Amino acid sequence: MILELSVAKPYDFAQSVCDHGWVQLAPCYWDKERQALRHVQCLGTGKVALLHISAENTADVVTLRIEVEADTPLTTAEQDDVRQNVHWMLKLDEDFSAFYERIHQHPPLQERMSSGRGRLLRSPTLFEDVVKTITTTNTTWRQTIGMVERIVNTLGEPYPANPELRAFPTPQQVAAADDAVFTGVLKLGYRGPYVQQLAREIVTGERDLESLKHSDLPPQELRKELKQIKGVGDYAANTLLMILGRYGELAVDSEVRSLVSRLYFNGEAVTEAQIQDTYRHWDEWKYLAYWFDA
DNA sequence: TTCCAGGGGTAGA
DNA sequence: TCTACCCATGGA
């Protein structure tokens with residue numbers, strides 16, 4: 001089955017997907033030959049679908065082609081589910097016109113982004129993105145890839161036609177996994193208990209994480225909410241604000257320190273205040289200005 | 001062996 | 001609000 005979505009220009013699908021490291025984390029996969037994003041997802045009905053998302057440029061718009069495979073034909077509701085998931089993952093709901101306007105004053109950024117970049121890839125659920133963000137803390141990117149792969153391959157629902165492909169596990173599936181699996185198989189280190197606790201809070205109804213996806217709280221309030229999650233500190237909260245389309249805070253980590261030091265301070269060590277000052281004038285677009293600043 | 005990687009929680013001031 | 005210390009894991 002083929003579903004379609006149209007996106008206003010400028011929009012560079014391939015660049016936008018690949019601009020975020022998330023594309024390297026299971027259950028995402030970038031198919032270079034087809035220039036397509038492959039994704040395994042568990043729909044609301046529990047059905048597991050395999051998606052191949054690619055783009056076609058026409059004169060006026062970019063048309064996204066979503067090829068969906070599943071063991072039985074998708075119902076109308078399931079088709080809507082797929083469209084909504086893809087719409088969310090690719091941030092098609094966000095308006096970047098104000099940011100594109102701002103970068104006119106910055107030729108390097110303008111040149112880099114004029115094709116329509118900035119819509120950084122995210123996951124269908126906020127649960128998946130919080131877990132992935134926690135696995136990026138105090139570790140290397142290679143280890144993050146491994147942690148997420150083990151979470152998906154161990155706990156995720158398999159795609160029936162090819163059980164080697166799995167969806168990201170639901171909070172229920174994560175909460176049901178015992179401690180031995182966390183320590184012996186998933187090897188998340190001290191992050192394990194944070195992921196377990198989050199999954200349990202969602203399952204018991206103690207925390208309604210997904211409602212934050214469409215929250216109209218001001219960024220600072222939203223940030224407070226995110227920091228209530230154990231394992232989410234300043235860096236993770238600001239990363240998640242970006243995921244939620246709020247770009248006014250920098251997620252300062254060793255990568256940011258290194259890039260700001262190299263670009264603006266001749267390789268000398270930088271303080272948090274120096275980093276903040278460097279991007280202060282970008283106001284509500286600081287995160288994107290940093291992200292594409294190289 | 002030690003250090004540290006896309007940090008965060010906690011206790012104590 | 002700030003600081004010191006601890007937290008698994010694995011590669012350099």
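Because the structure is a prediction, the values reported are computed rather than measured. Just so we're on the same page: letters track the sequence lines, and every chain starts at 1.
Aromatic ring orientation, Phe99(A) versus Phe96(A): perpendicular (interplanar angle above 60°, classes split at 30° and 60°). A perpendicular orientation is assigned to the rings of Tyr279(A) and Tyr264(A), their planes being inclined by more than 60° (bins at 30° and 60°).
A cation-pi geometry, defined here as NZ or CZ lying under 6.0 Å from the six-membered ring centre and within 45° of its normal, holds between Arg122(A) and Trp88(A).
Note: CZ (Phe182(A)) to C1' (dT9(C)) measures 16 Å, nearest angstrom. Remark: P of dT9(C) and CE of Met147(A) are 10 Å apart, rounded to the nearest angstrom. Atom NZ in Lys132(A) sits roughly 19 Å away from atom P in dG6(B) (whole-Å rounding). One can place CZ of Arg150(A) at 12 Å from C1' of dA8(C), the figure rounded to the nearest angstrom. Nucleotide dA8(C) holds its P atom 15 Å from the CG atom of Leu186(A), rounded to whole Å. Protein atom CH2 of Trp141(A) is 18 Å distant from nucleotide atom C1' of dC4(B), rounded to whole Å. Between the P atom of dT9(C) and the CD atom of Gln143(A) lies a distance of 10 Å, rounded to the nearest Å. Per the geometry, CG belonging to Leu188(A) stands 10 Å off C1' belonging to dT9(C), to the nearest Å.
At a cut-off of 3.5 Å, with distance as the only test, no side-chain donor of Gln105(A) or Gln110(A) sits close to an acceptor on the other residue. With 3.5 Å as the limit, one finds no donor-acceptor pair spanning the side chains of Asp19(A) and Ser16(A). Checked by atom type, the side-chain pair Tyr159(A)/Asp71(A) shows no donor-acceptor distance below 3.5 Å. No hydrogens or angles considered: nothing links the side chains of Ser115(A) and Tyr11(A) as a donor-acceptor pair under 3.5 Å. Looking only at atom types and distance, the side chain of Asn153(A) has no donor-acceptor partner in the side chain of Arg166(A) under 3.5 Å away.
Annotation: dC4(B) and dG8(B) have their C1' atoms spaced 16 Å apart (nearest Å). Between the P atoms of dG6(B) and dT3(C), the separation comes to 24 Å (whole Å). Using P as the reference atom, dC3(B) and dC5(C) are 14 Å apart when rounded to the nearest Å. Nucleotides dA8(C) and dA5(B), compared at atom C1', are 13 Å apart to the nearest Å.
One finds no salt bridge joining Asp129(A) and Lys132(A) here, because no Lys/Arg side-chain nitrogen approaches an Asp/Glu carboxylate oxygen to under 4.0 Å.
Contacts between residues 257-293 of chain A and DNA chain B, defined by a heavy-atom separation below 4.0 Å, involve Trp291(A), listed by number.
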In the 5'-to-3' direction, what one-character label does each nucleotide of nucleotides 7-13 of chain B receive under the scheme B = base within less than 4.0 Å of a protein heavy atom, S = sugar-phosphate only, - = no such atom? BSSS---
